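Data first, discussion second: the structure below is written as structure tokens.
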Amino acid sequence: LSTARDMPILLLPLVLTPLLSLAHYGDPNKVGGCMKDEVKIQIQGLSGDLCSPACSSSDACPTDVPKGVTAQPQCVLKSSTGGQNCALVCTPSTDEGDAQCGDKASCKAIQNIGLCTYDDVPPPPSSAHWVPLQSPTFQEQSVVLGVSFEKNGKIGYAGAGNNNVGATVIKSTDAGQSWEVVHPKNSSKPAFNLYLAAATKSGAQAVVSGIINDLWTIDGGDFFPSISGFLSPAQDAHVLPTGDFGLVGTFGKKSGVAVSKTGLKWDFRTYSNVNSTLYPARYGAFPSENVWYVTAGKFPSSNAMVAAKLENIQPISNNIHFHMDGLEGKYGFSFKENKENDDPVPCSVDPSNCFSAMILKTTDGGSTWDVVYQDKNNSNIYPNGIHCTSETHCVAVLEGETARIIVTRDGGKTWKESMYDTDSKSSLMAVHMVDDNEVWASGGHISSLSFEGRYWHSLDGGDTWVKEAIPGLYILNLDILGKQTGFSTALTFQQGVELLKYRSSNQTEPAVLIQT
């Protein structure tokens with residue numbers, strides 16, 4: 001059972017529509033959707049969806065049903081979070097057939113009974129190379145920032161936030177088709193955290209970074225908190241060429257990379273030659289044991305981060321803010337469309353309300369750091385992801401009042417700007433180099449009138465790019481494991497999450513384009 005998100009906090013302009021469902025168990029895909037005391041759900045193992053009210057304390061269910069429905073409401077559903085919900089129970093293979101369920105619904109057999117679900121679920125959008133996985137146990141999450149799979153793409157982990165449950169770590173053993181909560185073990189003791197990134201060394205070994213603390217496992221089942229790095233949010237996690245784990249972020253008052261064999265205890269390789277307040281570390285690339293790159297920078301905080309401290313908001317970029325309410329166990333996110341309201345100034349004037357962009361490089365495994373890129377033109381940009389195929393060939397993405405992709409082939413001595421989008425609503429979050437020629441970058445266009453996820457594809461090492469757009473999504477991260485296997489997480493316009501899987505151009509799954 002997966003539930004739709006129940007804390008709509010999208011900041012984009014919304015059009016309010018009248019509630020057209022006059023009875024419980026209606027069609028969630030019609031204008032108006034479900035009633036106020038219902039949630040839109042999907043039942044694992046069945047196609048379709050339905051509106052479902054919660055069972056009462058005595059397992060009773062509302063008895064009003066849509067016109068023409070003869071199926072009976074019963075308390076028969078249980079979510080992975082322990083809640084119980086009502087559904088319309090029907091009898092499969094009878095003369096009455098699907099008519100028991102009403103218009104656009106059908107009776108589907110499951111575990112010796114039948115349940116009514118609606119068959120007009122809109123197909124998820126796809127692109128030429130990326131297609132959403134139909135995974136109710138992933139889609140029931142309220143927030144997921146990224147996934148991380150082992151090299152064969154079968155076992156993966158993700159930090160998640162689930163309404164009324166709290167922060168969780170979820171695990172898949174079937175290439176993302178289904179997910180189960182592996183942390184915390186005791187659902188009655190919810191964790192107050194927001195998990196930002198994950199790194200998977202094997203099916204048994206992984207780490208998950210959070211804004212409160214980090215977690216680690218060596219058996220794939222039990223996760224434990226790290227004994228260092230408390231209150232040190234790392235937005236990026238890797239398995240380094242040495243086999244160690246690496247986190248990129250700000251640790252105390254310094255920024256850089258934290259290194260650990262297992263995740264139990266972290267060794268901090270921070271930079272001291274750069275002001276970490278003006279240039280906090282964001283993302284990293286690790287092409288060899290000793291040569292690492294880190295992007296560093298910030299975005300205006302006078303209207304975002306200062307207020308965020310009062311509202312339990314974690315901005316992961318200038319465009320996306322995650323919300324958490326530890327008392328009620330609720331999670332959600334909002335998109336920031338009107339960035340022109342930031343009124344940024346140079347950092348020399350107001351360091352709390354400025355953009356900054358820098359890339360640092362180490363050639364000795366983090367002992368010393370050098371600046372190899374810096375925006376000195378007050379361009380109102382900051383960096384996000386970076387990735388390298390060698391010590392010299394790297395691609396990085398930046399965003400702000402413009403969106404840009406930059407490439408170096410000489411180890412950072414020079415950078416070529418290969419993509420420049422002047423649309424302030426364009427955004428770039430992640431980049432991954434499959435090899436020296438093929439590169440993927442991801443992000444989106446955050447506008448109420450043209451909200452779409454964007455994958456940028458290069459076949460010449462980052463010099464030129466072709467866009468693949470998917471309406472209704474914003475692409476957060478890339479976990480590409482090779483030329484045939486990759487995953488990507490996305491946020492939806494409707495306050496949901498999606499997991500997408502890479503498919504090479506010679507695979508035959510049909511692409512579906514949703515007209516908006």
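As the structure is a prediction and not an experimental result, all values here were calculated from the model.
The number of heavy-atom neighbours closer than 6.0 Å to CD1 of Ile218, taken from other residues, nucleotides and ligands shown, is 12 or below.
The closest donor-acceptor contact from the side chain of His387 to the backbone of Met433 lies under 3.5 Å. Between the Thr362 side chain and the Trp292 main chain, no donor and acceptor come within less than 3.5 Å of each other. When atom types are taken as modelled, the side chain of Thr262 and the backbone of Leu264 share a donor-acceptor pair closer than 3.5 angstrom. Side-chain N or O atoms of His432 include none that pairs as donor or acceptor with a backbone N or O of Leu478 at under 3.5 Å. A side-chain donor-acceptor contact under 3.5 Å links Ser488 to the backbone of Asn477. Between the side chain of Lys254 and the backbone N or O of Ser276, no donor-acceptor pair lies under 3.5 Å. Between the side chain of Ser172 and the main chain of Ser178, a donor-acceptor pair closer than 3.5 Å is present. Without hydrogens or angle criteria, Asn353 side chain to Asp343 main chain gives a donor-acceptor distance under 3.5 Å. No donor-acceptor pair under 3.5 Å is formed between the side chain of Lys151 and the backbone N or O of Gly482. At distances below 3.5 Å, at least one donor-acceptor pair connects side-chain atoms of Asn193 with backbone N or O atoms of Asn213.
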Next on the checklist: Walk me through whether Cys55 and Cys86 qualify under disulfide (SG to SG under 2.5 Å).
Outcome noted: CA-CA 6 Å; Cys55 305; Cys86 303; 3.7 Å; no
Item to check | Tyr474 vs Ser427, side-chain hydrogen bond (donor to acceptor under 3.5 Å, both in side chains): CA-CA, chis, key distance, verdict | outcome: CA-CA 9 Å; Tyr474 179 87; Ser427 173; 2.5 Å; yes
Checklist entry - What's the verdict on side-chain hydrogen bond (donor to acceptor under 3.5 Å, both in side chains) for Glu399 and Asn384, showing C-alpha distance, side-chain angles and the deciding distance? => result CA-CA 8 Å; Glu399 65 176 7; Asn384 284 321; 3.1 Å; yes
Item to check | Criterion side chain to side chain contact (heavy atoms under 4.5 Å, CB included) on Val497 and Leu491, from CA distance to verdict | outcome: CA-CA 5 Å; Val497 295; Leu491 306 176; 4.0 Å; yes
Item to check | Worked check of side chain to side chain contact (heavy atoms under 4.5 Å, CB included) between Phe138 and Leu133 | outcome: CA-CA 9 Å; Phe138 188 88; Leu133 285 173; over 6 Å; no
Next on the checklist: Between Gln205 and Glu150, is the side chain to side chain contact (heavy atoms under 4.5 Å, CB included) condition met? List the steps.
Outcome noted: CA-CA 9 Å; Gln205 286 187 275; Glu150 62 175 337; over 6 Å; no
Item to check | Worked check of side chain to side chain contact (heavy atoms under 4.5 Å, CB included) between Leu196 and Ile211 | outcome: CA-CA 7 Å; Leu196 302 173; Ile211 66 170; 3.7 Å; yes
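To the nearest 0.5 Å, the span separating NZ on Lys78 from CG on Asn85 amounts to 12.0 Å. Distance check, rounded to the nearest 0.5 Å: OG1 of Thr485 to NZ of Lys501 gives 6.5 Å. Expressed to the nearest 0.5 Å, how far CG of Leu500 lies from CD1 of Ile470 amounts to 5.5 Å. A distance of 11.5 Å separates CG of Leu215 from CG of Asp222, quoted to the nearest 0.5 Å. Atoms CD and CG, on Glu498 and Leu476 in that order, are 12.5 Å from each other to the nearest 0.5 Å. Separation of atoms CD (Glu452) and NZ (Lys467) is listed at 4.5 Å; rounding is to 0.5 Å.
In this structure, Ala281 and Gly256 approach most closely via the heavy-atom pair CB-N, 3.8 Å. Of all the heavy atoms in Gly159 and Val208, the pair that sits closest is CA-CG1, 4.1 Å. The heavy-atom pair separating Gly176 from Leu499 by the smallest distance is O-CD2, 3.8 Å. Scanning both residues, Arg282 and Gly297, for their nearest heavy atoms gives CD-O, 3.5 Å. When all heavy atoms of Trp216 and Pro225 are compared, the closest pair comes out as NE1-O, 3.4 Å. Among all heavy-atom pairs drawn from Phe251 and Ala234, the shortest one is CE2-CB, 4.4 Å.
In this structure, cysteines Cys354 and Cys347 have SG atoms closer than 2.5 angstrom.
When each of His457, Glu468, Arg503 is paired with His129, the side chain to side chain donor-acceptor pair (under 3.5 Å) condition holds for Glu468 and for no other.
In this structure, Asp214 and Val207 have side chains that are not in contact, with every pair of non-hydrogen atoms separated by 4.5 Å or more. Residues Arg404 and Leu428 form no side-chain contact, since every pair of their non-hydrogen atoms from C-beta on lies 4.5 Å or further apart. Using a 4.5 Å heavy-atom cutoff, the side chains of Met358 and Leu278 are not in contact. Between Ile480 and Trp440, the closest side-chain pair of non-hydrogen atoms falls below 4.5 Å. You'll find the side chain of Ile155 reaches within 4.5 Å of the side chain of Lys171, heavy atoms only. The shortest side-chain heavy-atom distance between Tyr293 and Pro287 falls under the 4.5 Å cut-off. Within the 4.5 Å cutoff, the side chain of Glu38 has heavy atoms near those of the Pro53 side chain. Taking the side chain as every heavy atom from C-beta outward, Gln141 and Thr168 approach each other to under 4.5 Å.
Taking the six-membered ring where tryptophan is involved, the planes of Phe149 and Trp179 are perpendicular, since the angle between them exceeds 60° and thus also 30°. Aromatic ring orientation, Phe355 versus Tyr382: parallel (interplanar angle below 30°, classes split at 30° and 60°).
Checked against the 6.0 Å centroid threshold, Trp130 and Tyr502 count as a close aromatic pair. Taking the six-membered ring wherever Trp is involved, the centroid distance between the rings of Tyr195 and Tyr157 does not fall below 6.0 Å.
Using a cutoff of 4.0 Å between basic side-chain nitrogens and carboxylate oxygens, Arg454 and Asp421 are scored as salt-bridged.
Within the structure, side chain to side chain donor-acceptor pair (under 3.5 Å) contacts touching residues 227-241 (residues at least two apart or in different chains) are Gln235-Tyr283, Asp236-His238.
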